[in-house]
There are 2 protein chains.
Amino acid sequence: MEKNNIQIRQSDEHCPVRKSLAILGGKWTLLILFQINKRIIRYGDLKRSIPGISEKMLIQELNHLVEAGFVAKKAYPEIPPRVEYSLTEKGMNALPIVDSLAAFGLENLS
Amino acid sequence: MEKNNIQIRQSDEHCPVRKSLAILGGKWTLLILFQINKRIIRYGDLKRSIPGISEKMLIQELNHLVEAGFVAKKAYPEIPPRVEYSLTEKGMNALPIVDSLAAFGLENLS
DNA sequence: CGGCATCCTACAAGATACTG
DNA sequence: CAGTATCTTGTAGGATGCCG
């Protein structure tokens, strides 16, 4: 309640919002997390669920997210290959963000 | 609970997440909303509260947000000039987004 | 099927200087 | 103080083609 009075000043890199945006701020990042959601989904299905994304961006972001520990990747040594993606615990923690984005879009944008 | 089964497929422009990202997806946009927050803040103070932003980007995003109806701008015809920015109702609705971003950053990033 | 390697460009973003 | 006006640049992102 006295939150209005505190100085909200985060010097550069210590701001949690900035740190989050640094990882999740890509054009497609949050959309990908949103589509994976609680599912275990194959690469091809994921790609189809995000119309307009290029293979490069999808793979790039997925690798990025796997490295960062937000997405788990499981590859089956079959032919033809099958690769499944899902959110880790850490990745699930980002779902409130996309939920609030979705809610905002529904209520405030045409 | 059967949410896992439904096809989460938004064809392009109807996806609320995409619509939100289209407006709020800029590098500085959410950070600006976060800093204004519930305050009525002058341009100079706002700029100082976001280290690293250029005047151009700040003004550009502010104008953008004013046009979109998320930010209110009040200019006083004084010398030297004074301009105050604050969030509109609509802009307040975006605060849950930055809150979840902040929470995510605090809990999941170093 | 699920990638990776290139090449390329448009636009977001930065730097700088000036003004009411 | 609060902007505007240019000019320049970096890089996110797109297009295309090949590979295990």
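Note on Lys47(A): nothing from the nucleic acid sits closer than 4.0 angstrom, heavy atoms only. The residue Glu55(B) sits close to a base: some heavy atom pair falls under 4.0 Å.
Taking 4.0 angstrom as the limit, Lys27(B) places none of its side-chain polar atoms (N or O) nearer than this to OP1 or OP2 of dA12(D). When the side-chain nitrogen and oxygen atoms of Arg42(B) are compared with OP1 and OP2 of dC1(D), none of them lie within a distance under 4.0 Å. Phosphate proximity of dG3(D) to Lys56(B): absent, as no side-chain N or O sits under 4.0 Å from OP1 or OP2.
In this structure, CG of Leu21(A) is placed 15 Å from C1' of dA12(C), rounded to the nearest angstrom. Spacing between atom CG of Leu31(B) and atom P of dA13(C) amounts to 12 Å, rounded to whole angstrom units. Atom CD of Gln60(A) is separated from atom P of dG13(D) by 8 Å (rounded to the nearest Å). Atom CE of Met57(B) and atom P of dG14(C) are 6 Å apart (whole Å). Rounded to an integer number of Å, the gap from Glu61(B) CD to dG3(D) P is 15 Å. For the pair Ile50(A) CD1 and dG14(D) P, the interatomic distance rounds to 12 Å; values are reported in whole Å. For the pair Leu62(A) CG and dG13(D) P, the interatomic distance rounds to 14 Å; values are reported in whole Å.
DNA chain D is contacted by Lys73(B), Pro80(B), Pro81(B), Arg82(B), Val83(B), Tyr85(B) of residues 63-86 of chain B, taking any non-hydrogen atom closer than 4.0 Å.
Within the 4.5 Å cutoff, the side chain of Ile53(B) has no heavy atoms near those of the Leu31(B) side chain.
The number of heavy atoms from other shown groups lying within 6.0 Å of CD1 (Ile40(B)) does not exceed 12. Under a cut-off of 6.0 angstrom, the local environment of CD in Glu78(B) is crowded, with over 12 non-hydrogen atoms contributed by other residues, nucleotides or ligands.
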Chi angles and distances behind the side-chain hydrogen bond (donor to acceptor under 3.5 Å, both in side chains) call for Glu84(B), Tyr43(B): CA-CA 6 Å; Glu84(B) 291 177 343; Tyr43(B) 171 82; over 6 Å; no

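One finds no salt bridge joining Arg42(A) and Asp45(A) here, because no Lys/Arg side-chain nitrogen approaches an Asp/Glu carboxylate oxygen to under 4.0 Å.
Under the 6.0 Å distance and 45° angle rule, Lys90(A) counts as a cation-pi partner of Phe70(A).
Across every non-hydrogen atom of Pro16(A) and Ala102(B), the tightest pair is CB-O, 3.5 Å.
If you check dG13(D), dG14(C), dG3(C) against the side chain of Trp28(A), the one that comes closest is dG13(D).
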